[in-house]
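These notes are about the structure you will find just below.
Side chains are part of it too, since the values below use all heavy atoms of this structure and drop only hydrogens, waters and symmetry mates. The shown structure was predicted, so the numbers you read here are calculated from the model rather than taken from an experiment.
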Amino acid sequence: MSAVPVEPVETPEPAWRQRAVERSTRAAKLRAEQRVQRFLDAAQELIADKGTTDFTVQEVVERSRQSLRSFYQHFDGKHELLLALFEDALSRSAGEIREAAASGRDPLDRLRIAVDLLYRSSEPKSGAQSPLFTDFAIQLLVTHPDQVATAHLPLLGFFTELVEEAVAAGQATAPKPRRVASLIMQTAMFTARAPAAPVGAHPSPISVEEVWSFCLGGITGPPPASAEPVATPAAKKAPAARKATASRGAAAKSTAAKSPAGTKTTSARTAKSGARKPSSEPAAHDPA
């Protein structure tokens, strides 16, 4: 019999080799992350200086003091660089809101804090420009809505947690917590950036309190009525008056329906009575 095995035996990789590869991979990953961050920082500085996202890749490369080749090793182009900045900003915002909402006394209060912070962070700041959100994000919403949805995943995940906690605590009703969370987020963000609602002749901005009241009504239902409406004397008399009027109308209809038959019977009786008068009744004589 042959001592050579039919199936090849796989020899495990030596432990030292695994450690060396992992160490090398970690070092390469760290260097890549540092290079990417330098590109992001350079782009952020250019946006702050220019007040717009209108810059070139070459400007980013020069400011970051790196090579064009290195840039295209990490990004497909300017769009992907801006998308990275957008995702990074939303991820940081989600972390800040999560940290602040932790101070809430219960799930519904934590959700209120989160809505308040999301609304205020989405408001246009007077004298401050944020072209990443006012220019790039709006354009991205039209051209690549799937990328916008992906960028908002950290925020959506946190708001979904809050809605699920409120439902579990019996404070809210939401058959589809993730969709409800998405509706709450969009209401807060887009209302904060929307122009003031026209009320009469003057525009009236929608406040964060109104936004929260609207969202709260959507997950808990309308607030209960404070008391039964008190009926005034006139209101009390109205049903009775309507009832009396209806009774008189019914009686009138009944009389009208019976009157032709009654008239006909009376006339017949009168005619019959006249026919039965005796002929011996003295006739009237003219005076001589």
Side-chain angles (χ1 to χ4, degrees), residues 13 16-100 114 117-160 181-182 185-186 188-190 192-193:
E13 189 176 14
W16 65 265
R17 187 185 300 274
Q18 292 180 8
R19 289 194 301 270
V21 170
E22 288 174 2
R23 188 178 298 111
S24 166
T25 304
R26 283 198 303 270
K29 182 181 178 183
L30 180 61
R31 287 194 299 271
E33 288 176 351
Q34 290 172 344
R35 285 194 294 269
V36 167
Q37 191 59 50
R38 286 168 65 184
F39 284 127
L40 293 176
D41 292 342
Q44 198 72 267
E45 290 172 8
L46 285 168
I47 292 174
D49 291 348
K50 294 189 172 189
T52 177
T53 56
D54 187 18
F55 57 82
T56 65
V57 170
Q58 186 61 42
E59 287 177 305
V60 174
V61 169
E62 291 174 358
R63 183 164 292 217
S64 67
R65 299 179 183 277
Q66 300 185 96
S67 68
L68 191 63
R69 179 175 175 273
S70 177
F71 177 87
Y72 283 107
Q73 282 179 338
H74 299 94
F75 301 100
D76 282 341
K78 179 182 172 181
H79 174 85
E80 193 169 336
L81 174 64
L82 290 173
L83 181 60
L85 286 172
F86 182 61
E87 290 179 351
D88 190 53
L90 288 176
S91 180
R92 280 187 281 105
S93 177
E96 292 167 3
I97 291 175
R98 180 184 289 274
E99 185 178 351
L117 290 175
L118 182 60
Y119 178 96
R120 298 187 190 282
S121 65
S122 302
E123 279 185 304
K125 304 298 184 291
S126 178
Q129 294 180 329
S130 54
L132 191 63
F133 289 90
T134 56
D135 299 340
F136 176 72
I138 293 175
Q139 180 185 359
L140 194 67
L141 189 61
V142 176
T143 57
H144 298 84
D146 54 325
Q147 294 180 351
V148 175
T150 301
H152 281 90
L153 283 178
L155 269 172
L156 179 59
F158 176 56
F159 271 80
T160 302
S182 178
M185 280 176 53
Q186 293 183 55
M189 290 188 297
F190 286 105
R193 290 200 168 274

To the nearest 0.5 Å, atom CE of Met185 lies from atom CZ of Phe158 at 11.0 Å

Please examine the side chains of Pro131 and Ile47, heavy atoms only from C-beta on, and report whether any two atoms are closer than 4.5 Å.
-> yes

Please identify each residue that fulfils side-chain hydrogen bond (donor to acceptor under 3.5 Å, both in side chains) with Glu96, with sequence neighbours left out.
-> none

Without placing hydrogens or testing angles, list every side-chain donor-acceptor pair under 3.5 Å for residues 77-92, not counting sequence neighbours.
residue : atom : partner : partner atom : Å
Lys78   : NZ   : Thr53   : O            : 2.7
Lys78   : NZ   : Phe55   : O            : 2.8
His79   : NE2  : Gln147  : OE1          : 3.0
Glu80   : OE1  : Asp76   : N            : 3.1
Asp88   : OD2  : Arg92   : NE           : 3.4

Flag, side chain of Thr25 to backbone of Val21, donor-acceptor distance under 3.5 Å | yes

Got a sec, which residues hit side chain to side chain contact (heavy atoms under 4.5 Å, CB included) with Gln18, two or more places apart in sequence or on another chain?
-> Glu13

What is the distance from atom CG of Leu140 to atom CG of Asp135, rounded to the nearest 0.5 Å?
-> 12.0 Å

side-chain hydrogen bond (donor to acceptor under 3.5 Å, both in side chains) involving Gln37 - partner list, sequence neighbours excluded | Asp41

dist Ile97:CD1 -> Arg120:CZ (nearest 0.5 Å) comes out at 12.0 Å

Taken to the nearest 0.5 Å, the spacing of Leu46 CG from Thr52 OG1 works out to 11.0 Å

CD (Glu123) and CG (Leu118) are apart, to the nearest 0.5 Å, by 11.0 Å

Can you list the residues that meet the side-chain hydrogen bond (donor to acceptor under 3.5 Å, both in side chains) rule with Arg193, with sequence neighbours excluded?
-> none

Can you run down the salt bridge (charged side-chain N to carboxylate O under 4.0 Å, His left out) pairs that involve residues 18-31, sequence neighbours left out, and say none if there aren't any?
-> none

For Ser121 against Ser93, the heavy-atom pair lying closest together | OG-OG, 4.5 Å

Quick one: side chains of residues 60-74, donor-acceptor pairs under 3.5 Å with protein atoms, not counting sequence neighbours, listed by atom name and distance.
residue : atom : partner : partner atom : Å
Glu62   : OE2  : Gln58   : NE2          : 3.3
Arg63   : NH1  : Asp49   : OD2          : 2.8
Arg63   : NH2  : Asp49   : OD2          : 3.3
Ser64   : OG   : Val60   : O            : 3.1
Ser64   : OG   : Val61   : O            : 3.0
Gln66   : NE2  : Arg35   : O            : 3.2
Ser67   : OG   : Ser70   : N            : 3.0
His74   : ND1  : Ser70   : O            : 2.8

Check side-chain hydrogen bond (donor to acceptor under 3.5 Å, both in side chains) between Thr56 and all other residues, then give those that pass, not counting sequence neighbours.
-> Glu59

